[in-house]
Structure formats: C-alpha cells, structure tokens
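Order of the sequence lines sets the chain letters (A, B, ...), proteins ahead of strands, with each chain counted from 1. Just the heavy atoms: all of them, side chains too, but no hydrogens, waters or symmetry mates, feed the values below. Quick caveat, the model's predicted, so the values are computed rather than measured.
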Amino acid sequence: MAFRKLAVAAGLTVALGMATSAQAETFKYAFQGELKGLDPYSLNETFSLGTLGNVYEGLTRRGPELEIQPALAESWEVVEPTRWRFHLRKGVKFHNGNDFTADDVVFSADRVRSQESDLKTRIGADVKVEKVDDYTVDFVLPGPNPILHYEWDTWGIMDKEWAEENDTVKVMSASDESPSYAGLHANGTGPFKITGHETGVKTTFEENKDWWDYGNKKFNIDSVELTPIGSDATRVAALLSGELDMVYPVPVQDIQRVDGNDGTRALTGPELRTIFLGMDQMRDELLYSNVKGKNPFKDPKVRMAFYQAIDMEAIKQKIMRGLATPSALMISPFQFALSDQFERFPYDPEAAKKLLVEAGYPDGFEVTMDCPNDRYVNDEAICQAVVSMLAKIGVTVDLNAQPKAKYFAKVLQSNGFDTSFYLLGWTPGSFDSWNILSNIIHCRSEEGSEAPFNLGGYCNPKVDEITAKVLVENDPDKRNEMIAEAFKIHMDEVGHIPLHQQGLAWGVADDVELAQRADNTLMFYHVNKN
Amino acid sequence: MTSGPETRAEFLSKPHGFTTRVLDSDILHSFKQSKLTMVAAFVTLAFIIGAAFAPWIAPHNPFDMASIDLMDSLLPPAWEEGGDSRFPLGTDDQGRDILSGILYGARASLAVGFASVLFAATLGITLGLAAGYLGGTFGTIVMRIADIQLTFPSILIALLIDGVVHGLFEGVSRADTAYWVLIVSIGLSFWVQYARTVRASTMVERNKEYVQAARLIGIPPGLIMLRHVLPNVMGPVLVIATINLAVAIILEATLSFLGVGMPSTQPSLGTLIDIGQDFLFSGEWWITIFPGFALAALVLAVNLLGDWLRDALNPKLR
Amino acid sequence: MTAFIIRRLLQAVLVMLVVALIAFLMFRFVGDPINQMVGIETTPEQREALRVRLGLRDPILVQLARFIWNAAQFNFGTSYQFKQPVSEMILQRMPATLELSMVSAIFALIVGIPMGVYTGIRREAWLSKLFLTVSLVGISLPPFLIGILLIFIFAVNLQILPSFGRGQVVDLGFWSTGLLTVSGLKALILPAITLGLFQLTLIMRLVRSEMLEVLRTDYIKFARARGLTERAVNFGHALKNTMIPVITVTGLQLGSIIAFAIITETVFQWPGMGLLFLQSVQNVDIPIMAAYLMLIAFLFVVINLIVDILYTVVDPRVRLDGGAAV
C-alpha cells in the first residue's frame, strides 16, 4: 500500500518535471527573509506586503517608478474636501470566481481597521466608508487629508463572501488557538494565485488567466517559486550556480562578482530608506555614558561635532561600495521635491574637535551606541566605522551591535527608549514627508504616545506647529515650503544625523528582465524570462 | 598499582603526584620520537606566546578604534598588487590589519578556550568525585543533572545563556558579557565528560581494599579521594582537556557564526572568519583565509597534542 | 530489571519537567516577542493590548503552569511570527532534519569504521597517519566554513551540486522525503558531508583505539594461536568486539548531530527544524523555541534510556544506578 502511494507520487514528480522543462517559464527567486503568512493584513512589512501584492490588489497600485495608478478603482475624485469618491472597476473576479463589488471594499476597510490588523494606519479609525452603489464607494473624512490614498497600494481588497464562508473575517492573532484560514490560503484579484505555501520553505504562484488586465499583460512567466535563503553567501551562490533566476538582496561587496559572472547581472538603484543616527536629547543624564549630571547631547555643538566627525564619503566608498547616497535630509530626494535645497554639513574632524572643546569636552567622553546587525545593508560595519571616526575626535564609543530582534526590543518604546546613541533606518510608508515629521521629528511625549520613533526625543515646538499645518494643507507647493522649513530647523539643530539612503541590489540571471522598484518590491507582472 | 593495605604514615609519605608519574614514564621519550608531535607542540607554543604577547608583537592594535582608518580597508596582502607594507597580510573591511587581528584574535580564542576548559574541569572533577564517592541519592542527582546537561547541546546553551544575560543585565553591551557567556556556555557543555570519567574511576577505587583500609585508619574521605583517585584520573582528564580545548576554540568560532561569539570590535579568530566569509565571493579572500588558516593550524596542533597524550598516557599502548 | 526501567522512566519524566522549567525561565528573558509580531508603526497601546492577550502580563506561575500543562500534550501554541500551530510546523520540518542527520550518521559510520579498522591494524603505515591527520583537519575548521567552502567549490565553481534546499521532495503523506529523487539525493551530499565530518573523525578514532585495545587482549592472542587467519582475527573477532562502544557512542551522538544540524541547515538553507529554531531565536518566537528544545530533550532522554538499558543487558558488571549506595 505504502509502495503504491510512493510509486504514484514518484510518477507525478516525473510528470511535473517534464511539464516545467517543456515550458521553462517558471521564475525561481529567493529573498533573505520568509513570507510569514498569507493574510495581507497581519504584518506591516515591506516584503510581505509586496509579495502578497501579486495576489491581492488595492484600489490603487504603484508603477515601476512608484507612481500611483488606478487598479481596482478605475478613477476617483475629491467631491468635497472631506469626501472622496472611488469608482470601482467592473467585471473583476476574485480567484475563486466571485465578483468584486463595493461590498468587498467596505468589508476590507472594516477588516483592515479591526483589532488584530497590523495595517490600521491605512485608513483612520474615524473615516466612514459608504457604499453608494455596487461600483461606487465614498470615504468620508473627519478633516481634509491630501495623502489619504498614498498607502492603499498595499491595502489589498479581500472577498467578503470568501472570508465569511471560511470563517476568517477576523485577522489572526498570535494568541489564537487554531490557525486562520486566510493565513494559509489566499483569494485576491491579482495576476497571480498562490498554489502552495510551505511556511519558511517555499511558496509557489501560478498566473491568473482571468486577471482583469490579462489582455495588457507584460509578463511571460506562468509560475513563480519563492524560497527564502537567509545566508548571504548561499543566496549569492544559488544565483551564480544558475539554480535561481533572481535573488535579493545581494550584499554590496558581491555586486561586482554577480556582474562579472557569465549569465548573471546585478541590478542596483537607490532605495527609499534613510539610515540615520539618533541621540538621546531628552534625559538629563545619559543612561550609558561617563558624563554624569548632564547630558552632552542636549548641546547642539556636541551633535554637530558628531555630525562633522563622520566621513560619509569613506563609508559610501568603502563600506557601501558606492551603493549609497549620502543624505542631508531624513527623507529620500525622490520623495521630497525641494531636497536639492539641502546639502550635508562638510566632513571636518578639526572643526568637530573644536566644537567639542567649546562644548566643554576637550578630552571627549564615553557613550554606548546601539546598532542592529542584521537589519540594514552593512549596518554593523557602518556603526563600527562611526565608532572609529568618533574615536579620532576623542569620543570613545562602546558599540553594542545585536540582531534586530534584540536591538528593537531594547531601544523602542516598549522598553522605554533604552538607548543613548543609536542607528535606525526609516522608509515613510506613505512616501511622504509628513510621515517622517510626525513619527521621527515631532516632540515625543515621555511615554511615547506621540512620535514613538523619535527615540532620542529631539523636540522643537516650532517644528511641531508646522507639522500640524502640513497635514491639512492641500496646496502642494505651499505644503512643500512648509516641510522645507521644518526640515531646515531640524537640520540646523542636528536633531538627528542623517547618513545615507542605502542602495538596492538585486542579482538577476541574464535571461530575465524585470523592473526594480525603489521600495524594494518585486512585482511578477514586470518579469519576463527568455 | 599497589592495592595492599598501607599505614597512615606510608600513605602520606608516598609520592602519588602526577608529575612523578610523568617523569617515571617514558613520556618524554615518546615525545622525542614523534616529529609530528614536536611540530604540534611548537605550533601550539608559538600561538600561546604570540597571543600572550600580542600587544608587543602585533604591528597594530586592532582594538584601538582611533588608529583604524576606513580608507585603509580591504587592502590585499603586501605581496599582492595594491598591497601596503604596513599591513603584511592585508586589511579587513574596516581597515584593521589582518596579522594583528590574528594575533589578538588568537588571544581571545585561547582565552575563551582555556577558561572554559578550566571551568568545565573544575566543575566536572568536583562533581564527579563527590558523586562517585558519596554515591546514593546525591550521585544519582548529579548524574541526572548530567543527563539534562547533555540534553542541551552547547550551541543551544550559548544561544540561551546569551539571551538570558541580555535579559537580566539590560543595557550591558555584548563586548562586556561575551567572554563570560562563551566561557560558561562552552564550559557547561564539557563538564559532564569529566564528571563521568572521574565518577567511574572513583567508584572503582572506592571499593578497593586500600581505600577501605585508609578509611579504617581514619584518613578523611576527602583526602583519600584527592590523593588516590585524582592521580589515577589525571591522565584521562588531561586528554579530555586537551581535546576539549580544540573543540572549545572551534565552538567559539561556530558561535560567532550564529551571532553569539566575540563581538566584532574585539574579534576572536572565529569572529574574523565569520566577518571574512562575507568577502569570499567578492575576491577579498585574505580576510577569511588567513584567520581560517591560523585557526585550523592552532586547533590541529592542539588535537595532535591531545592524540599523542592519549597514546602516551595509555600504558596498554606503550 | 522492571523496577530499574520504571525508576529510569520516572527519572526521565523528572528530567523533562526540569528542562521545561529551564526552558520556560530562559524564555522569559529572551527579547520582546511583540516587536517581531507587529510592524514598526504599531502604536504603544496596540502593543500593550497584544501583550495582555498573549498572557505575557499574567503572573509568572500562571504562565509556567500553563506552559507545562500544554507542553505535556505537545501543544506549544501558535507561532508568533507564522501564526500557525507550532507542533504542526515542527512535525512538517522534522523529516528534513532527521533525514539529514541519519544520512550523515550513516556516512560517518560507513567511512569512519573502515578507516578506523585500517588505522588500528596498521598503526605505522603512512596511510594510517594520513587518515589520522586529514581527519583532524576536518574537525579543525568550523563547520560553517567547511559548508561555505564546499558550496564555493561544488556549486559555484564546478556547478555539479546544488547550493541550497532539499531538491525535489516526494510527499508520502506523513513524511516528505528527498531520498527518492535524483535532485533530492544530490542536495543531500554537501550538507551530509558537512554535518558528518565531525562524527566521522570521532568514529574513526574510536574504532581505532578500540581495535588497538582489543588486539592486545588474551582473547585475540588465543585466536591467533589457534591459527586463525589474520583476516578472521581482525574482522571476525576484533571488529565485532569494538562495535558495542561504537554503536553506543553513535547513538548518543545522534542527539548532538540533530542539534549541530542548526549550522548545516543555516548554511545550506535546509528546511529542517534547526533552521526553524535559529530563525525563531532571531525573531524571539518563543513557542517554536520551546517546542524545539523540548523535542531535543525528549529525543535525548529516550536515547539515553535505551543506551542505559542496553548497557545493563550487555554488561552485567555495570551496577544499576542508585541500586547499591555505600
């Protein structure tokens, strides 16, 4: 009996093997982390959302240059400043054959704001979602909001009937006893369906021939296989050996190797994430320093000294191998129109030493730096370089580099902002400056209910005032001027030390063409394999 | 082995020490006979001296952050094109001299190795002696603890202890705790071997006539154990310790790979290899190959010494 | 005998309880799981609410009791990061780890025993010395470096063996195996060598020293005196006698092979329990960590128990533990 089962299985394998080799349009790729679940609302993380974006679609989507395009909504208009009207696409079907209608949008809006959802910020809790007819939905806002739909490309619409039938209306929470249906199955409207998902091992996708935009499709692959490969060396090896069609990220030092190798190339580009240093400016005495009774970081001169002691050009060349853009601002120049008005303060260790003397620290001081070592591109190497550069102006930094789980557990709000000096990276999910102003630059309340990611507690009420105005300003030019003003104050006071926007590096086989989006997201409908 | 009854005076006056046994035996002779062993001893000694005197021998101090210049990073060995005579074996991604890194790294590796073996041996011998001699419930408990201990392979222990330490002493940086975490977690995975060896030997000796006799004439049990059992097990213990030293060094390197080894600001050989393996494909082979070679040479030498010691101390094989 | 086994069984249960306690206590201190479960923009209130729902705010004793009660039923709850039942995930990953461990143990035995016999019989041959030295080199490099070098040579440069994963697996319903397909077998080669190298050295040296000892015994001398051929003496008598310790040691090593698979699995992206465990450590996924630890402990206790019982059966001289204290 067991033998027969086995023989059947083996036969099946052979058949499958032949099928794939005949068509040869399976796209195999690897990412460094794994797809943790299939419920698009359970984890607010770039890779999960991006990958599930091939299966679930939002009312909007973003193109190769991240421009907002209509997707499940054909068009929309701002009827009144507080009422937005979305006209839904007709004839769209979910993978299970159900029709897509306004009910699904209302349902998804409720579900994405439910208790267990990790994407609650997509729509404010006080926004009313009203069905006008089967293909029209109104969003009624408590106040004007020009960036209402900026993050909706990652708010995938789910099928109401499907969710109810399978008892998966509620987003799964970790304390639930049984797994949720939506965590292991997917039913979207997108160009690809999930055909298999072994958590942490492999996820397989197949093209959806009934996709509403199938007529204009620009891809020729019919199935996709995603494998997580955590080890950098193994991931690169799998590409170099020809086992995979694409891997990402590629460590910056291996870009040349991938490019030089026959049959593979490296695709690089700027990423939106900004890496910066922060300093505790809130406590009267630093938690981790030999300076007692006062906090050196409260003095802008000390912060400026740190800024000017860091040689960003050397970090870019040596650690990032050119794949980084030193940044004067806390946001990528692609996301802020006036960023060319800003320039980094020059690298000048002599000036830095002088500033330290003026601030009353002629012999420097000691401070501990917290740094993740598996979160950003070469994060630990950057921190080490910063440590050695600061040593040259007399500041002794004790580096505490840890895996991200431990790092975040230590420095974030949940642990009372337990840090004196840290490295962090931030991508504004809305692609907009307000996100940065409100999360990182805004004054933080003691316990962090406001600006919870301003770990060091930089605070200037003037900046807060501008931030509040930015939120409700509908005129783009005026809005940009305001943002620039806030950024200028923050920069002159060295509220944080922005380092760079790190680069994206993907390794791709030569017979594959695809679009590399600056948010590090791979859309399968941009992939062609020859 | 004499096992006849002794008087108390005789017992105390007789040399039972390990050194005497070594000198009595032809161990020295066997050492001189084996060229491989002599080379191994030489290499080990060279490493120990190099590590101990690293601050005076090494051309640079890799821990002095102010002396490291990022612009010196990724230089190949001096004899390669683009090499710099200041850095004979090249530099790593931060601009640290590889040769100095190896000397200081061997220092860290050996320190962790010796300390953890010492910790394990002390713990194991004490518990083994006590368990073997006292037996009963106590012995059972010790051996059950040993079972539990074996349940947690060293890797798991290190990951767990590292986590606990950071949970308990929040804000203490890796650099300060790494040594202790490594010593305790590697040491904890070794003590069982000593305890079992010592306990077995103790249990055999316990029932011998001379021990009974010694007890009858009022020699305290602790002394009996120390004077009689310890010398008997010293051979195997030394062999275990030598092999453990080699394993400890490898284990520390492995833990570096898993992220709980010595921090990158105070690298051990293992940390250097782990940092370097990221540069293996990109052509900067010297960052990982030289420390890797140094580690292999050191461990191999120690292993060879352990091998020789085992054969030399085994009277049956002489 | 029965009393002995019952006593050991009770002790095993006690061991498991202690392991559970240690595991639970340690997990209380490993990072904050909440950060891993939610995205970076989740507000403090939401985080706190989740903490309460997970029971992380209950009194420690309540948490401990709940943990042990659930563990006894092999229920370790739902993974924080994957939102799936942990026992199911572990069972899914177990075949990969066990196949890798078994194959590397067999590899170590098949290669290690003949090498050990040879080096034992021909102590002075140059080949023996070569075997001994080369086998030492194998354990003188950290396993992760060996793995990466193997990938570098056989996957990247020669392109004859895969660098990651299990290849094509066949699902037998209760067990997914890579042993039935060519790609599955090819995928096993590098990881099995990486994992088995250490055991190989160990077994080779063990067989060698046992052979050396046995060959000196009167029993073998008699066999020789009886005029048996050298071959019959070496393999018929001597090797047979060395097998008991070899099998015991291999049995005991099996647990550590499974644990050391963590490294091999990480290097080769082998989808087994070890990889799952390491990822869960990095993500502070406590339920998975707990389940893995308890499973390893369980395997060890069982193997230990079997070895103990075999010992008393094979060698009656061994005193039953705790039976006769002086």
Side-chain angles (χ1 to χ4, degrees), chain A residues 2 5-6 9-10 13 17 30 34 36-37 39 42-45 115 118-121 172-180 183-184 198-202 227-231 233-235 237-238 240-243 374 403-406 408-409 412-415 426 429 439 447-449 452-453, chain C residues 30-51 53-55 77-85 88-89 92-93 96 148 151-152 155-156 159 162-166 168 170-173 180-181 266-269 271 275-276 278-279 281-284:
Chain A
K5 210 171 175 183
L6 199 131
T13 322
E34 70 254 299
K36 300 217 161 119
D39 190 323
S42 66
L43 188 63
N44 189 10
E45 180 229 13
Q115 167 87 38
D118 195 34
L119 269 66
K120 294 191 194 72
T121 53
M172 172 97 182
S173 86
S175 52
D176 288 357
E177 290 295 319
S178 57
S180 89
L184 298 172
E198 268 180 87
T199 310
V201 179
K202 196 198 279 183
T227 317
I229 302 185
S231 152
T234 311
R235 193 164 59 249
L240 293 178
S241 63
E243 292 163 75
D374 58 355
K404 56 179 185 256
K406 290 178 186 162
F408 284 122
L412 290 188
Q413 181 273 340
S414 54
N415 197 34
W426 189 267
N439 275 300
E447 70 285 3
S449 54
F453 295 97
Chain C
V30 183
D32 180 359
I34 305 295
N35 281 321
Q36 296 308 310
M37 297 166 58
V38 298
I40 205 160
E41 292 180 18
T42 313
T43 68
E45 291 77 27
Q46 290 162 350
R47 282 161 195 265
E48 184 56 33
L50 189 54
R51 201 165 277 134
R53 267 210 314 287
L54 285 176
T78 309
S79 154
Y80 291 163
Q81 33 166 358
F82 298 109
K83 324 243 163 172
Q84 282 180 42
E88 219 170 78
M89 292 187 72
Q92 247 173 31
R93 300 289 197 101
I148 290 166
I151 290 179
F152 193 61
V156 176
Q159 306 209 344
S163 58
F164 76 98
R166 284 183 88 188
Q168 189 90 46
V170 177
D171 195 353
L172 306 179
L180 297 173
T181 60
T266 308
V267 172
F268 290 95
Q269 193 66 33
L275 186 62
L276 186 69
L278 192 70
Q279 285 167 347
V281 170
Q282 280 157 3
N283 289 307
V284 204

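- Contacts between C:E48 and chain A at a heavy-atom distance below 4.5 Å are absent for every atom of the residue.
- In this structure, C:R166 and A:V201 have side chains that are not in contact, with every pair of non-hydrogen atoms separated by 4.5 Å or more.
- Heavy-atom distances place no part of C:A96 under 4.5 Å from chain A, backbone and side chain included.
- C:Q159 contributes no side-chain N or O that, together with a main-chain N or O of A:G242, makes up a donor-acceptor pair within less than 3.5 Å.
- Summarising the geometry of A:A237 relative to C:S163, their closest heavy-atom pair is C-OG, 4.0 Å, with the distance given to 0.1 Å.
- Counted by atom type alone, C:Q269 and A:T227 present zero donor-acceptor pairs between their side chains at under 3.5 Å.
- Across A:L184 and C:Q84, no two heavy atoms sit closer than the pair CD2-NE2, 3.1 Å.
- The nearest pair of heavy atoms linking C:F82 to A:T199 is CD2-CG2, 2.8 Å.
- Across all non-hydrogen atoms, the minimal contact from A:S231 to C:T266 is CB-O, 3.8 Å.
- For A:E34, the part lying near chain C is the side chain, with the backbone staying farther off; criterion is any non-hydrogen pair under 4.5 Å.
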